[in-house]
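As structure tokens, the structure follows; a few thoughts come after it.
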Amino acid sequence: MKANLWQWLYEYAVGGAFFGVTLWLCFRLGGAEADHPEDRKTRLILILGLIGYFCGHGLWMFMVSR
Amino acid sequence: MNPSAITGTPLDYGIIVLYLVGILIFGSIFRRWSRTTKEFFMASQRFPWWLIAISCISVVVGSYSFMKYSAAGYSYGLSSTMTYTNDWFLAPVFVLGWLPIIYFSRVTSIPEYFERRFNRPVRVAALFIMLIYMLGYIGFNFYTLGIAVQALLGKGFLGIFGINFAALNMGAGHEFYQSLGGTVLGWSLVAALITGLYCAFGGQTAVIMTDLIQATLIFLAGMVILFLGVHYLGGWEALWQGLPPGHRLPFSGFNSPEKFPFVGIFWQDLFGSSLATYFINQGMIMRFMSVKSVKEGRKAVYFVILLMMPLAGIAVASAGWVGRAMRTYGMIPADVDPDKIFVIVSAIICKPGMLGLVMAALIAAMMSKVNALINGSAAIFVNDIYQPFLAPQRTDKHYLRTAQIASMMVAVVGIMLVPIYLQKHSIYLAHATFQAATTPPLIVAVLLAIFWKRYTPAAALATLVAGAVAMAVSLVWPSVIQPFAVIHGVGAGSGYDYMRAMYGMIVCTVIGVAVTFFTKPKPESEIVGLTVSTIPQGKRLYKGRELNDRESGDTILVKLVADESAGDKAILHADELGRMKARTGDFLYVADRHWWWGGLRSLHVTAGEATAKSGVLFLSPAQIEEGKLHAGEMVKVEKIL
């Protein structure tokens with residue numbers, strides 16, 4: 001776990017920042033609308049997908065280090 | 001065991017020949033789906049998400065992926081999957097920004113987008129860069145296929161068909177590549193001929209439908225190698241225990257080893273390769289232009305990145321993991337060359353017939369990657385050169401014929417590059433270098449173009465031209481990358497190559513932003529639908545009236561009836577329109593009720609005034625013919641927009 005901790009944090013900090021900023025911009029600039037059901041659903045799927053990858057990588061590291 | 005090549009059995013060769021003949025016939029039958037340029041290039045926007053998703057895998061897996069990632073898997077373990085598991089970071093800007101922009105604006109190529117968003121000089125600059133990039137890339141894929149196949153089967157295989165291209169191996173070149181010359185060119189020629197033919201016949205429909213078979217084959221071969229390898233080792237536990245502890249982790253060392261550092265791979269792959277794949281790869285753009293709606297395009301992205309990319313990462317690298325476990329148990333020598341591990345493992349575990357499957361998968365990986373590039377290059381030639389500059393105001397039939405000829409010519413140009421790559425390996429390196437130099441400027445130009453309305457035509461041109469110069473400077477004097485490498489603890493040499501993407505992204509962004517502040521933007525009224533902030537207006541322009549996309553209705557099943565009076569409209573009962581939450585003037589999608597047609601029998605049509613008769617859909621015979629539908633049969637209808 002320790003051997004990969006920094007990589008894991010870096011990936012999700014830098015990649016997550018790009019993800020978060022671009023997602024925010026799409027809604028902030030009006031390309032996607034917070035009151036549009038389809039856009040809301042898309043945002044939820046995107047965030048859940050990110051959490052899924054984050055947890056998946058974390059779980060993988062944890063299982064290896066057990 | 002001979003680690004340099006494997007001797008196939010007649011069964012293996014039979015499978016390969018069967019595959020080649022089969023894919024040519026299968027691809028060619030889609031000629032009737034390519035009777036207009038819209039059908040040829042965009043397949044009339046008819047395909048469901050799952051077909052596009054499977055097709056997308058072909059963009060990321062090439063013939064050399066098996067060799068390259070098996071070597072990485074052998075040397076660095078499961079962290080070889082890093083490049084296949086980080087694309088989700090790009091998903092928001094793609095599904096909420098780029099996808100609706102290209103879909104609703106109906107652009108057919110990136111250069112065309114640049115002209116509409118900026119002006120013609122920017123289009124020409126992008127056109128120049130993209131054509132060199134794509135044609136060189138086609139040649140590169142033909143070339144690497146030849147290398148990969150030769151590595152597996154040696155030089156003698158094509159001899160069984162009486163083919164001998166050795167005489168074409170011209171002059172003095174790199175010793176290794178020269179020694180491969182004859183067979184490499186022979187394999188490349190066979191693959192180019194078949195791919196060029198079915199692309200010319202079937203256009204984008206053939207590309208997407210053949211991808212279905214080719215992607216299946218790629219996954220099947222990868223999984224066969226994994227399962228046979230695990231069986232050979234004695235089970236999953238044996239595979240796991242055979243990997244050194246450091247090889248079981250998802251990431252490699254932060255800034256080491258030199259040739260596979262995490263931070264270098266992260267920047268090079270995510271902000272170089274992956275961004276380029278999703279935003280400037282013409283093949284990828286055209287796949288998403290072929291999807292039946294933006295909603296379906298989003299589903300395709302979810303499926304690709306969440307499921308298929310990790311699976312592809314396993315498929316291409318599994319031979320390396322199996323090989324590393326074999327080494328632990330002393331089944332193969334400890335000093336084996338990682339670049340040959342795919343061949344070695346295949347030689348040990350493949351039974352007769354299996355090798356043929358693996359070979360067919362390698363060819364499939366190349367053909368599916370190249371077919372989209374051929375179609376994409378033909379689209380750029382027709383839409384960005386021929387139609388605007390050489391022969392404006394001709395009939396659609398004329399442009400369709402030109403597109404078909406262009407597809408064959410692109411394949412020919414690609415094949416002509418193979419002897420050049422063989423003869424002068426430095427040219428292959430030059431193309432790789434050119435690609436590295438031009439990708440960041442194009443990516444930055446696209447990202448600034450979609451997010452920043454103020455971004456000016458002069459700034460876009462400066463980003464492309466000055467950005468490419470800045471990238472070239474980094475190739476001549478790599479020390480300019482040093483600040484970006486040093487802060488990550490990455491050393492000189494390969495480390496600089498990995499951090500070049502970060503350097504390029506930052507330098508190009510600075511150029512684009514700086515020039516924008518001193519130059520004049522294009523009026524907002526001229527860029528409607530081409531930036532993120534104007535997507536809703538672009539959507540309205542696409543539909544031609546007010547949107548009705550907030551409520552999702554049901555998909556209904558009705559009987560199709562031919563009626564000349566329907567004109568270009570779809571006539572349904574008011575109750576059925578109500579069930580779909582649709583109104584007169586909305587865009588509907590009519591398709592055969594059987595899912596396995598995958599949209600081949602389908603049509604986009606506008607809802608007309610309601611009729612009194614329920615349970616039926618009235619379409620004109622011309623519309624029915626266009627959708628390849630049959631009157632009297634049940635069809636599915638859903639509201640799109």
Side-chain angles (χ1 to χ4, degrees), chain A, chain B residues 78-79 81-82 85-97 100-101 240 243 245-255 261-263 265-267 270-271 275 294-295 298-299 301-302 305-306 310 447 450-453 488 502 531-538 547 549-552:
Chain A
M1 183 94 185
K2 228 175 167 181
N4 258 190
L5 188 62
W6 181 227
Q7 291 89 311
W8 184 49
L9 293 176
Y10 186 95
E11 170 139 326
Y12 285 93
V14 178
F18 184 84
F19 177 97
V21 168
T22 51
L23 180 61
W24 178 77
L25 277 174
C26 286
F27 278 89
R28 179 75 184 81
L29 295 173
E33 296 165 84
D35 62 345
H36 194 295
E38 190 56 39
D39 290 343
R40 269 209 313 271
K41 190 173 153 192
T42 301
R43 182 171 60 186
L44 182 67
I45 292 170
L46 288 168
I47 292 170
L48 288 178
L50 182 72
I51 293 169
Y53 259 119
F54 178 77
C55 294
H57 272 135
L59 191 65
W60 182 349
M61 287 156 51
F62 175 74
M63 297 298 280
V64 170
S65 64
R66 269 196 322 152
Chain B
L78 304 186
S79 63
T81 55
M82 282 192 302
T85 56
N86 60 13
D87 285 4
W88 194 251
F89 299 122
L90 311 179
V93 61
F94 187 78
V95 301
L96 292 171
I101 286 173
W240 188 250
L243 294 174
H247 282 219
R248 300 172 191 168
L249 289 161
F251 307 111
S252 61
F254 186 79
N255 46 26
F262 159 79
V263 71
I265 299 289
F266 176 80
W267 277 96
L270 183 63
F271 291 106
L275 266 173
V294 167
K295 190 177 169 185
R298 287 174 176 169
K299 280 189 205 169
V301 173
Y302 306 149
I305 306 183
L306 292 176
L447 288 177
I450 65 173
F451 277 124
W452 198 20
K453 278 191 292 188
H488 290 98
M502 185 184 191
T531 62
V532 166
S533 57
T534 58
I535 287 173
Q537 293 99 299
L547 301 174
D549 62 344
R550 286 181 182 258
E551 282 187 308
S552 296

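Not measured: the values here are computed from a predicted model.
- A:His57 and B:Phe251 have tilted rings, their planes meeting at an angle from 30° to 60° on a 0 to 90° scale.
- Of the two parts of B:Arg248, the backbone and the side chain both hold a non-hydrogen atom closer than 4.5 Å to a non-hydrogen atom of chain A.
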Before giving the answer on side-chain contact (heavy atoms from CB on, under 4.5 Å), spell out for B:Trp88 and A:Leu46 the whole-Å C-alpha distance, their side-chain angles and the decisive distance to 0.1 Å. CA-CA 8 Å; B:Trp88 194 251; A:Leu46 288 168; 4.0 Å; yes
Output, in order, the C-alpha distance, side-chain angles, deciding distance and verdict of side-chain contact (heavy atoms from CB on, under 4.5 Å) for B:Phe451 and A:Val21. CA-CA 11 Å; B:Phe451 277 124; A:Val21 168; over 6 Å; no
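- For the atom pair A:Glu38 CD and B:Arg298 CZ, the distance stands at 6.0 Å (nearest 0.5 Å).
- Looking at B:Leu78, the atoms closer than 4.5 Å to chain A (heavy atoms on both sides) sit in the backbone and in the side chain alike.
- With a 4.5 angstrom heavy-atom cutoff, B:Tyr302 touches chain A only via side-chain atoms.
- Contacts of B:Ile305 with chain A are made by both backbone and side-chain atoms, with heavy-atom separations under 4.5 Å.
- Proximity to chain A is limited to the backbone of B:Ser252, based on heavy atoms less than 4.5 angstrom apart.
- Among A:Glu11, A:Arg28, A:Arg43, the residue with the largest count of heavy-atom pairs under 4.5 Å with chain B is A:Glu11.
- Only the side chain of B:Val263 comes within less than 4.5 Å of a heavy atom in chain A; its backbone stays farther off.
- For the residue pair A:Cys26 and B:Pro92, the shortest heavy atom distance occurs at SG-O, 4.1 Å.
- Taking each heavy atom of B:Pro245 and A:Val64 in turn, the nearest pair found is O-CG1, 4.3 Å.
- Nearest heavy atom pair, residue B:Val93 against residue A:Phe18, reads CG1-CE2, 4.3 Å.
- Residues B:Leu249 and A:Ala3 come closest through the heavy atom pair CD1-CB, 4.0 Å.
- Interface residue B:His488: only side-chain heavy atoms are found under 4.5 Å from chain A.
- Heavy atoms of B:Val95 lying under 4.5 Å from chain A belong exclusively to its side chain.
- For B:Trp452, no part lies near chain A; criterion is any non-hydrogen pair under 4.5 Å.
- Using a 4.5 Å cut-off between heavy atoms, B:Pro250 touches chain A through backbone and side chain atoms alike.
- A:Trp6 and B:Phe254 have tilted rings, their planes meeting at an angle from 30° to 60° on a 0 to 90° scale.
- The part of B:Phe262 that comes within reach of chain A is its side chain, from C-beta onward, which places non-hydrogen atoms under 4.5 angstrom from that chain.
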One pair to check against side-chain contact (heavy atoms from CB on, under 4.5 Å): B:Leu96 and A:Thr42. What are the steps and the verdict? CA-CA 8 Å; B:Leu96 292 171; A:Thr42 301; 3.7 Å; yes
For B:Arg550 and A:Asp35, what are the C-alpha separation, side-chain angles and deciding distance, and is it a side-chain contact (heavy atoms from CB on, under 4.5 Å)? CA-CA 9 Å; B:Arg550 286 181 182 258; A:Asp35 62 345; 3.5 Å; yes
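- In terms of heavy-atom pairs under 4.5 Å with chain A, the best-connected choice from B:Leu270, B:Thr534, B:Asp549 is B:Asp549.
- Most heavy-atom pairs under 4.5 Å with chain B, from the set A:Gly30, A:Gly31, A:Ala17: that is A:Gly31.
- With a 4.5 Å cut-off on side-chain heavy atoms, A:Tyr53 and B:Asp87 do not count as touching.
- Distance OG1/A:Thr22 to CZ/B:Phe94: 13.0 Å, rounded to 0.5 Å.
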